[in-house]
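Data block below; observations after.
Naming: A, B, ... by sequence-line order, numbering from 1 per chain.
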There are 2 protein chains.
Amino acid sequence: MKDVPVEIQPEMCKVTDALGILVGKWKPVILLHLLNSGTQRFNELKRSLPGITQKMLTNQLRELEEEDIIERKVYAQVPPKVEYSVTEYGRSLEPILHAMHEWGAKHTIHKQSKKHNQAEAK
Amino acid sequence: MKDVPVEIQPEMCKVTDALGILVGKWKPVILLHLLNSGTQRFNELKRSLPGITQKMLTNQLRELEEEDIIERKVYAQVPPKVEYSVTEYGRSLEPILHAMHEWGAKHTIHKQSKKHNQAEAK
DNA sequence: TGGTATAGTATAGAAAAGGATACTGTGAAT
DNA sequence: ATTCACAGTATCCTTTTCTATACTATACCA
């Protein structure tokens, strides 16, 4: 039997796919905020996310909408009113987000103790 | 009582932290491969990942090593021998990777049926 | 008449990520 | 003497992501 190597590409990786939906400087934060606070208007979100630009907020929201994770509801009013909320489908990401939050919190501690050990070892 | 808005930043988000470790075009793929196949040498990895450049492979491996997810073991030989493996600590990411894989697979189907519905609705 | 609020778009530029290609040192095999 | 395998660096370039800033339409309020 030949030793045929297993060939792998990022394009066929489902983990990469899932990750692709979450990456973006503000996407996790927006998603978590919508999950916590429920439906929010554009400017409510903007005020909750200090430092974000309008362009970025629009952009990240559109990308999440594109993947069916959030919903955008436009009211025919003036001044405009647009509401964003997490879809039923989007909520299926909650366990993953929760797991990542837990892991991330532990990792922060792990890194600190690593640093501490290095300092100790002079 | 005033309606004080909750202010959020990506820098304080643990999900963003966890995500940061996994992002990079080849990181999930490398990690999954090391988890599946165990210890691997640099060129074994390279051959398993068609399309990756040496620079990218080195770079992604170093970033994973930096976070203590993988281990790099250098043998004092010529030609050089360097082995990479997932650390005990790195294995704590497995449930998350698994959950993402599952979700990603379902999402692929979700997107397909969405497309199908759109086509149906002419 | 001018200012405010809303939910954006447009444009330009900086910074980060990734790609292409060439080069390195060393021992062993041809 | 040349070539190969190995595990990288070094350099330059392109693409993508993110930032900064200005601008839009419309109704309402003073």
Side-chain angles (χ1 to χ4, degrees), chain A residues 3 5 8-11 13 16-17 19-31 33-34 37 39-67 70-85, chain B residues 3 5 8-11 13 16-17 19-31 33-34 37 39-67 70-85:
Chain A
D3 183 18
I8 317 166
Q9 281 126 355
E11 303 81 47
C13 177
T16 303
D17 290 352
L19 230 33
I21 284 157
L22 265 5
V23 284
K25 186 166 176 186
W26 295 91
K27 274 189 211 166
V29 174
I30 290 171
L31 205 45
H33 185 60
L34 284 176
S37 314
T39 302
Q40 297 260 283
R41 296 182 61 172
F42 186 83
N43 271 5
E44 281 181 303
L45 281 171
K46 188 162 178 288
R47 277 189 289 267
S48 300
L49 307 168
I52 199 170
T53 61
Q54 304 224 135
K55 191 190 167 187
M56 247 298 158
L57 182 52
T58 307
N59 171 293
Q60 304 277 286
L61 288 167
R62 292 287 149 80
E63 286 183 26
L64 288 168
E65 194 195 353
E66 182 69 23
E67 299 293 341
I70 65 171
E71 198 190 346
R72 177 167 178 266
K73 196 170 176 186
V74 184
Y75 293 83
Q77 296 183 359
V78 123
K81 176 176 173 182
V82 179
E83 282 182 349
Y84 292 92
S85 55
Chain B
D3 183 17
I8 317 165
Q9 281 126 353
E11 303 81 46
C13 177
T16 303
D17 290 352
L19 230 33
I21 283 157
L22 266 3
V23 285
K25 186 164 177 188
W26 295 91
K27 275 188 212 167
V29 173
I30 290 171
L31 205 45
H33 185 59
L34 284 176
S37 312
T39 302
Q40 297 259 281
R41 297 182 60 174
F42 185 85
N43 272 5
E44 282 179 304
L45 280 170
K46 189 163 178 286
R47 277 188 290 267
S48 301
L49 307 167
I52 200 171
T53 60
Q54 305 224 135
K55 186 194 167 186
M56 251 297 156
L57 181 52
T58 306
N59 171 292
Q60 304 277 287
L61 287 168
R62 292 287 150 81
E63 285 183 27
L64 288 168
E65 194 197 352
E66 182 69 23
E67 299 295 340
I70 64 171
E71 198 190 347
R72 178 168 177 266
K73 195 170 176 184
V74 184
Y75 293 82
Q77 296 183 357
V78 123
K81 177 176 173 183
V82 180
E83 283 182 346
Y84 292 92
S85 55

Of the listed nucleotides D/dC6, C/dA7, D/dC18, the one nearest the side chain of A/Met56: D/dC18
Phosphate OP1/OP2 of C/dT9 contacted by A/Arg62 side-chain N/O (<4.0 Å): yes
Residue B/Val82, side-chain atoms from C-beta onward, closest of C/dA7, D/dA7, C/dT6: D/dA7
OP1 or OP2 of C/dA17 under 4.0 Å from side-chain N/O of B/Lys55: no
Nucleotide nearest A/Arg47 (side chain, heavy atoms from C-beta), chosen from C/dT6, C/dT9, C/dG19: C/dT6
Which nucleotide in D/dT19, D/dT9, D/dA27 has an atom nearest any side-chain atom of A/Val78: D/dA27
Interatomic distance, A/Leu57 CG vs D/dT17 P [rounded to whole Å]: 17 Å
Sugar-phosphate, base or nothing in reach of B/Gln60, heavy atoms under 4.0 Å: sugar-phosphate
Partners passing side-chain hydrogen bond (donor to acceptor under 3.5 Å, both in side chains) against A/Glu66 (at least two apart in sequence or in another chain): none
Whether A/Gln60 side chain and A/Lys27 backbone form a donor-acceptor pair below 3.5 Å: yes
Nucleotide nearest A/Arg41 when distance is taken to its side chain, options D/dT19, D/dC6, C/dT6: C/dT6
Sugar-phosphate, base or nothing in reach of B/Tyr75, heavy atoms under 4.0 Å: nothing
